[in-house]
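Notes to accompany the following structure.
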Amino acid sequence: MANAEHSGRTAEPFLPGAGSTDPAGARLRAARLGLWLVAALLAVRQVAAVLGTPRGERLTDLGTWVGPDGVLHVNGSLYDSARFTGTPFGGLVLKPLTRAAEQALGWGWTFGTLLLVAALGVIAARNLPRPLGRRTSLLAAPVATSLLMLSLPVRNAFWLGQTGIITVLLVALGCFVARDWRTAGVLIGVAAALQPAVLLFAALLWFTGRRRAAAASGAAFAGLTLLTWAAMPRDSYIYWVHHMAGAGLGGEADALANQSLHGALLRLGLAGPLEIGLFLSLGAAVAVLGVRRAVRYARDGQLLLAVAVTGCAAIAVSPTTWQHQLLWVLPAVVGRVGRRAADRYVWPVAVIVVMTLPGAMLLPHMAALFPLRDNAVLLAAVAAATVVPFLSRTSPRYRTPIPAEQTPPVPARLGRVPLLPFLERVLTRPNLLLELLLIRVTYAAYQRVRLAATGGTNSGGRARAETHGQQILDIERFLHLDVERAVNHWVTGVGWLRDFFDFYYTSFHFVVPLTLLAVLYVRRPADYRWARASLGFATLLALVGFWLYPLAPPRLMPGLGVIDTVHGVQDFSKPDYGTLTALTNQYAAMPSLHFGWSLWCGLVIAIVARRRWVKALGLLHPLLTVSSIVTTGNHWVLDAAGGATVVLAGFALSYLLMGPRAQAATAATAAATARTAMTGSAAEAEVGSEAEVGSEVEAEAAARGRRAAEPVRVSRKDPAPR
């Protein structure tokens, strides 16, 4: 949100009634309305998902507060079930609710959470670091609300009925809305009574000069805690003494849901005094660094960033930080990082991805990466609190980062190309971290969409896919292209050829495209952007094909007799057959991205390579790929035609939306400049030659005039005129 304005222009005041005749203002207001509609749709989706779930499967955490005699009128302690993880004060505030309120509690909690999210989004949008541009002022609130709706902590709060949003909203009200120090202190004190690690905000208040508010927050926390001791002594003893501020409540402390330093150390295999000592020392270091940085940003005029940094430190130092308590990381997106424009979006994109996607989508399923994947939110919180170099508002690069080098605009061959002129052709390479993150997330989404195309299981789409397979076979027989079985059986009989195609099919599908992208990124960054966009468009179109037309490959067609040389013999008696059915959609055959990606590689190499043998080698790759996918029984011939179609459409979309590739644009600009220079030189030379010819003509005419004026002399030897 705060990164939306980088132009360096002076912030324009936002007047709701102004600009009625301004086309740019009308577009901004239309965009704001559209974003609010998106936020509303996300809210409706969340509420529908909760209320449409059977009663025993939704709001399960809220259900732990309900006893046989009404809400929280349970026998014994709140913590006997080991499912209640809140503070005793959190249980005390719901004591007045009776059995009659139990039926309406789910509805009230769901819609109340919805209002809390909207209020938090508006408060965050109104307290962005100044100065703000007009675009940011108009669009910040719906964007913030939409991001909150998409975040995992808010989705868990909706689904399970948790209180994490209340704590964040109380702190936001105390820091941004409260007019006097008493109200601010009491609000933060109540939040700390619900989540003790929030007491770290009292230190932020103290060191930023709001000492009376800090004292009030501490007094409110102590008073509410003592009141709870008096009302619920047994539960207070269990929480504060037996479990040491709630450590160990609600599940195993080393569970993935516990995104605190304590949980991360336990997951690394540490235990006992060593783990406790490391947790206390690391927690103290994070708390001190986090508060110091937060104080600096608050004095710099970035109070929202200061609140986010303090909340991130609270996540790390708490013994247990469950997922609904991780919302503090998301406001850190307002911090600006990076002096170059290419680096400016790395931090906000990383935060949004970490807060909205599960860890399995962030990193590959490799044991060496599990510590990073399992602690992604914690690492983001610790980084925000301690090491991320957020820019100061006094920095010259805060509003005007170093721009990326771009090609001059050149007209394309079509009159309305490019359709999106703001997608400028940048010559410098993009940020590597951002590229790797986007590639990983895009591929994870690609895998999930492929599997979801059959309802999440291969058995769910088997009959339909086999019907489509018979349709493709009939078309190929009509066109005399049904060579799959014959070629498959012939290659199977030649051992070395079968092994070669099996190896080629399983090895080069990812290696060649990733290698080509890496080479383009290092050696030809301008071509990298164009090629990457074309590949992305082609893959997106292929996903649409997988979804609309699930297709069984030849190896999974019963009765066809094609031998699966890669995956082994298929057991058609099982609903999910094939060795890879648990990992990917086996019916995503049309179009063939095996061939499509190889054709993309071949065309890109043929376009950018300078030597002819390199171009020929690049075009050989799709030829070998189409041979391997047919001979191994993994695709029909028409699947390759579909792959070629989506790849060509990807190149066409890239050209249509962004215009000529940057390298071509640069060459066109240089050629135009050269032609202009040559034309100017030729014109000067032509003018000079014309001047010389003109002077020669004038001299000859003068000579003729002089000869005409002279008297005619007749020689005596000449005959006399008749």
Smallest separation among heavy atoms of [X] and [Y], with atom names:
X	Y	answer
Gly596	Val647	O-CG2, 3.0 Å
Leu304	Val334	CD2-CG1, 3.7 Å
Tyr528	Pro430	CE2-CG, 3.7 Å
Gly174	Ile188	CA-CG1, 4.5 Å
Ala533	Ser654	CB-OG, 4.1 Å
Ala298	Leu303	CB-CD1, 4.1 Å

Can you tell me how far the [atom1] atom of [X] sits from the [atom2] atom of [Y], to the nearest 0.5 Å?
X	Y	atom1	atom2	result
Leu326	Asn156	CG	CG	9.0 Å
Leu433	Leu438	CG	CG	9.5 Å
Leu152	Leu327	CG	CG	10.5 Å
Leu200	Cys312	CG	SG	11.0 Å
Leu33	Leu138	CG	CG	12.0 Å
Leu305	Asn127	CG	CG	12.5 Å

Look at the side chain of [X] and the backbone N and O of [Y], then say whether any donor-acceptor pair between them is shorter than 3.5 Å.
X	Y	result
Trp347	Ala332	yes
Ser592	Gly643	no
Arg155	Thr356	yes
Thr145	Ala141	yes
Asn258	Thr321	yes
Asn431	Leu434	yes
Ser151	Leu148	yes
Gln46	Met149	yes
Gln259	Asp374	yes

Any [X] side-chain heavy atom under 4.5 Å of [Y] side chain:
X	Y	result
Leu391	Arg344	yes
Met590	His468	no
Val177	Leu187	no
Leu28	Arg135	yes
Arg336	Arg393	no
Val307	Trp328	yes
Val337	Val388	yes
Tyr587	Tyr549	no

Of Leu120, Thr113, Leu116, the residue whose pairing with Ile166 passes side-chain contact (heavy atoms from CB on, under 4.5 Å):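 Single pass found, and it is Leu116.
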Test side-chain contact (heavy atoms from CB on, under 4.5 Å) on Leu517 and Leu535; report intermediate values, then the result. CA-CA 10 Å; Leu517 286 173; Leu535 181 63; 4.3 Å; yes
Who pairs with [X] by side-chain hydrogen bond (donor to acceptor under 3.5 Å, both in side chains), at least two apart in sequence or on another chain?
X	answer
Gln302	Asp300
Thr167	none
Arg45	none
Thr183	Asp180

For a side-chain contact (heavy atoms from CB on, under 4.5 Å) check, start with the C-alpha distance between Leu653 and Leu541, then their side-chain angles and the critical distance, and finish with the verdict. CA-CA 11 Å; Leu653 280 175; Leu541 293 174; 4.2 Å; yes
Distance-only donor-acceptor check, side chains Thr539 and Trp597, under 3.5 Å: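 Yes.
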Ring pair (Phe, Tyr, Trp, His ring centres under 6.0 Å) partners of Phe176, counting only residues at least two apart: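 Checked Phe176 against ring pair (Phe, Tyr, Trp, His ring centres under 6.0 Å); zero matches.
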In sequence, state the C-alpha distance, the side-chain angles, and the governing distance for Leu150 and Ile352, and then conclude on side-chain contact (heavy atoms from CB on, under 4.5 Å). CA-CA 9 Å; Leu150 289 172; Ile352 293 172; over 6 Å; no
Tell me, yes or no, whether the heavy-atom count around Arg179 atom CZ, taken from other residues, nucleotides or ligands under 6.0 Å, exceeds 12.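 Counting other residues, nucleotides and ligands, CZ of Arg179 stays at 12 neighbours or fewer.
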More than 12 heavy atoms from other groups under 6.0 Å of CZ on Arg126: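 No, the 6.0 Å shell around CZ holds no more than 12 heavy atoms from other groups.
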Using the test salt bridge (charged side-chain N to carboxylate O under 4.0 Å, His left out), find all partners of Arg532 that sit at least two apart in sequence or belong to another chain.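 With neighbours one apart ignored, the set is Glu435.
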Yes or no on side-chain contact (heavy atoms from CB on, under 4.5 Å) for Gln195 and Thr87, after CA distance, side-chain angles and deciding distance? CA-CA 7 Å; Gln195 186 180 345; Thr87 62; over 6 Å; no
For the residue pair Tyr297 and Phe390, does the interplanar ring angle fall in the parallel (under 30°), tilted (30 to 60°) or perpendicular (over 60°) class?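 Tyr297 and Phe390: perpendicular rings.
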